[in-house]
Enquirer: 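I'd like to ask some things about the structure below.
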Amino acid sequence: MTPLSRLPALILTALLALTPVAESARPNFLDAVRPLSTDVFNSWTGEIERHNICTASSINKKVGSKAPYGGYWLTAAHCVKYLEATYWIMDQKAPVVMRDVLNDIAIIWTEKPAKESLRLAKRWPQFSDKITMAGYPFGSKAVYITHGFIANPLAYINDYETHRPFTVLDLAGAPGNSGSSVLNAEGEIVSMLQAGWGREFSP
């Protein structure tokens, strides 16, 4: 089979990997994953519409005297690049409280925390570690789960000016998965989806 004749099969395989999660089979960690939305002006109707643009993950659920009330969420900084915009999670306004553009990481806040939260891993990911990612590709209202593995835990890719390291993942994703937490076998955050590669293995 030639590489070109395999292309439709590979595309079909990738699409089948993005399977909606049935409500009856929801893993608990999905309660910590939500779509990140913003208000967009529809020039055809003249109305403001809310659209899912990225994915965010709850990273705290504790409420006490030593921590401000509410929930903190991890996402990608490029998902919240318009600081004058209004962002939403679970129909709550989600202002940006920290934005690191260089490393493409942001923390946003909601008044009410999520039911569940995800822990940061204490162990650095290793080659071939199994990983899971949940998110809302293509602005979907349904969450999708994909599985894969760590292709390279510490790589430098087309970034010769700042020499920033990246963790390279081999799993299915799409626009809208930006900000999706990547979990190890213990359900801990080891990375976050920030960019994808095309057919030519380019960012």
Side-chain angles (χ1 to χ4, degrees), residues 10 13-14 17-18 27 29-30 32-36 38 52-60 71-83 85 87 89 94-109 114 116-138 143-203:
L10 291 174
T13 302
L18 290 171
F29 74 83
L30 288 183
V33 179
R34 289 290 183 271
L36 174 64
T38 192
N52 293 346
I53 55 170
C54 285
T55 302
S57 300
S58 168
I59 54 174
N60 83 304
Y72 290 93
W73 302 78
L74 176 68
T75 192
H78 74 262
C79 294
V80 291
K81 60 183 177 181
Y82 302 112
L83 296 182
Y87 298 101
I89 295 177
V96 179
V97 296
M98 189 281 287
R99 186 168 175 265
D100 181 346
V101 176
L102 181 62
N103 293 300
D104 199 14
I105 294 173
I107 303 294
I108 51 185
W109 178 85
E116 296 292 334
S117 64
L118 299 173
R119 299 187 312 273
L120 298 178
K122 295 180 180 179
R123 180 179 69 86
W124 190 270
Q126 304 296 315
F127 279 102
S128 299
D129 278 358
K130 292 182 180 179
I131 52 175
T132 298
M133 181 178 72
Y136 295 82
F138 302 118
V143 65
Y144 290 77
I145 293 178
T146 55
H147 302 281
F149 58 89
I150 300 290
N152 190 322
L154 190 62
Y156 293 86
I157 309 157
N158 297 339
D159 192 20
Y160 305 110
E161 293 183 4
T162 59
H163 299 287
R164 289 177 300 166
F166 290 85
T167 299
V168 182
L169 317 170
D170 189 335
L171 81 170
N177 276 120
S178 286
S180 293
S181 290
V182 178
L183 310 179
N184 61 17
E186 289 74 41
E188 301 168 326
I189 300 174
V190 294
S191 190
M192 180 179 59
L193 192 71
Q194 297 168 317
W197 269 326
R199 290 174 58 188
E200 288 81 26
F201 207 60
S202 60

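The model shown is predicted, which means the values in this text are computed figures rather than measured ones.
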Enquirer: Please find the pair of heavy atoms, one from Leu30 and one from Ala134, that lie closest to each other, and give the distance.
Expert: CD2-CB, 3.5 Å
Enquirer: Determine whether Leu171 and Phe149 make a side-chain contact, defined as any pair of heavy atoms from C-beta on separated by less than 4.5 Å.
Expert: no
Enquirer: Under 4.5 Å between any side-chain heavy atoms of Ile131 and Val182, yes or no?
Expert: yes
Enquirer: Any sub-3.5 Å donor-acceptor pair from Asn60's side-chain atoms to Tyr72's backbone N or O?
Expert: yes
Enquirer: Test of understanding: with side-chain contact (heavy atoms from CB on, under 4.5 Å), list the residues that count as partners of Ala76, not counting sequence neighbours.
Expert: His78, Cys79, Asp104, Met192
Enquirer: Does Cys54 offer a backbone N or O that forms a donor-acceptor pair with the side chain of Ser178 under 3.5 Å?
Expert: no
Enquirer: Kindly indicate whether the side chain of Tyr136, heavy atoms from C-beta on, has any atom under 4.5 Å from the side chain of Leu36.
Expert: no
Enquirer: Working to the nearest 0.5 Å, report the span between CE of Met133 and CD1 of Ile189.
Expert: 13.0 Å
Enquirer: Could you check whether any side-chain heavy atom of Pro27 comes within less than 4.5 Å of a side-chain heavy atom of Ile145, counting everything from C-beta outward?
Expert: yes
Enquirer: For Asn52, check side-chain contact (heavy atoms from CB on, under 4.5 Å) against everything at least two apart and list the hits.
Expert: Pro35, Ser37, Lys141
Enquirer: Return the CZ to CD distance between Arg119 and Glu186, rounded to the nearest 0.5 Å.
Expert: 8.5 Å
Enquirer: Can you tell me if Thr167 uses its side chain to pair, donor with acceptor, with the backbone of Pro153 under 3.5 Å?
Expert: yes
Enquirer: Can you list everything that forms a side chain to side chain donor-acceptor pair (under 3.5 Å) with Asn103? Sequence neighbours excluded, please.
Expert: Asp100
Enquirer: Let me see the working for Leu118 and Leu74 under side chain to side chain contact (heavy atoms under 4.5 Å, CB included), right down to the final yes or no.
Expert: CA-CA 10 Å; Leu118 299 173; Leu74 176 68; over 6 Å; no
Enquirer: Grab the two heavy atoms, one from Trp73 and one from Ala114, that are nearest each other, plus how far apart they are.
Expert: CH2-CB, 3.6 Å
Enquirer: Does some side-chain heavy atom of Ile150 sit less than 4.5 Å from a side-chain heavy atom of Leu169?
Expert: yes
Enquirer: Decide yes or no for Gln194 and Ile105: does some side-chain heavy atom of the first lie under 4.5 Å from some side-chain heavy atom of the second?
Expert: yes
Enquirer: Less than 4.5 Å apart, side chain to side chain, heavy atoms only: is that true for Phe29 and Leu183?
Expert: yes
Enquirer: Does the Arg99 side chain pair with the main chain of Ala77, one donor and one acceptor, at a distance under 3.5 Å?
Expert: yes
Enquirer: Walk me through whether Asn184 and Asp129 qualify under side chain to side chain contact (heavy atoms under 4.5 Å, CB included).
Expert: CA-CA 7 Å; Asn184 61 17; Asp129 278 358; 5.7 Å; no
Enquirer: Can you tell if the side chain of Thr55 reaches within under 4.5 Å of the side chain of Leu193, non-hydrogen atoms only?
Expert: no
Enquirer: Asn177 vs Tyr144, test: side chain to side chain contact (heavy atoms under 4.5 Å, CB included). Steps then yes/no.
Expert: CA-CA 9 Å; Asn177 276 120; Tyr144 290 77; over 6 Å; no
